[in-house]
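The next block holds one structure in the form of structure tokens; read it before the comments.
Counting starts at 1 for both ligands and their atoms, following the listed order. No experiment lies behind these values; they were computed from the predicted model shown.
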Amino acid sequence: MKSNLIQHLFTTRKLSKQDIENLFDLAKKIENNPKDYSEVCKGRILGNLFFEPSTRTRLSFESAMLRLGGKILGFTSSRDSSATKGESIADTIRMVNHYADIAVVRHYMEGVGEIAKQVSTIPIISGGTGTQEHPTQALLDLYTLKKEFDNIDDLNIGFLGDLKYGRTIPSLLYSLIKYDNIKINLISPKTLRIRGNVENRLNNAKSDYLVTENLHEVLETLDALYVTRIQKERFLDPIDYERLKNSYKITPETLQDVKDHFIILHPLPRVDEIHYDVDKLKYSRYFEQAKNGVWIRMALILKLLGVE
Ligand code: CP
């Protein structure tokens, strides 16, 4: 990443397959020998600017920096920052440039990446931007696939749920289409279909994808199913949310005819879309997936700081 002069990370579109694989190599080295990296960021500070709630992204970035020997600072909601007094995101980023060496920003507004590019001299990483993208989630999703299947090429993957508002989906699709012979199955209610701009990118990349409302049309063919929550907070009309919230629910019965090596991923948090009884089945990988976020975020911090 640093080697390609990408200073900030707001989209997976700009990462090459080689960038991604290099990141995975480093994440694997860290995962295998975390002690070797326990002081490499001594004296460095990570700023966490979270304008929207988070458990995994914020805490795993904190864990990542602490495990690298660095320190952390930040806020956990816009309420705790001077955004409540009307301060712009540009000025907030300018300020954190004085206080930290690298920062993570989660924000509801699209276009934060452009602002970061204009005003920041320290690397800024997206911790999730509006309904647009969540690049570090996609990288840890891919890393989980890589660990599971050794090779991401040739996989047949289903995406289930809220494909319109889920920001992890575009980031993961933009990464997956860099790989060879990927089959993509987009499974959602009609009103939560993937957005046109994302579908255009699939078309431009000549991706092999199918759109359906029926999970059982494809489930038996899949290597992995990426389940997402219906994103309540993005709905303008709560009645629409109520109508759609139970569109899909994965239970042990749902999975009776899946492939033996099949796995279920979910960026989490989950609400009702995966029954708790699925957690103990051999197919569930969503908790390991979240754990992989620490290794990927440690690797990313090192790449963007140029510390290897
Ligand atoms: N996957 C994810 O972004 O979770 P959080 O909202 O808890 O950070």
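Figure legend: R234 and Y241 shown without cation-pi pairing, the cationic atom not lying both under 6.0 angstrom from the six-membered ring centre and within 45 degrees of its axis.
A donor and an acceptor atom, one from each side chain of R67 and S63, are located under 3.5 Å apart. For the residue pair T57 and R106, a side-chain donor N or O sits within less than 3.5 Å of a side-chain acceptor on the partner. Counting only N and O atoms by type, the side chains of D141 and Q137 include a donor and acceptor under 3.5 Å apart.
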_From CA spacing to verdict: salt bridge (Lys or Arg N to Asp or Glu O under 4.0 Å), K147, E31_ = CA-CA 12 Å; K147 281 173 69 176; E31 183 177 353; 2.8 Å; yes
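Electrostatic pairing of D279 and R270 counts as a salt bridge here, judged by a charged N lying under 4.0 Å from a carboxylate O.
Annotation: ligand 1 has protein neighbours S54, T55, R56, T57, R106, H134, Q137, P267, L268, each with a heavy atom less than 4.0 angstrom from the ligand.
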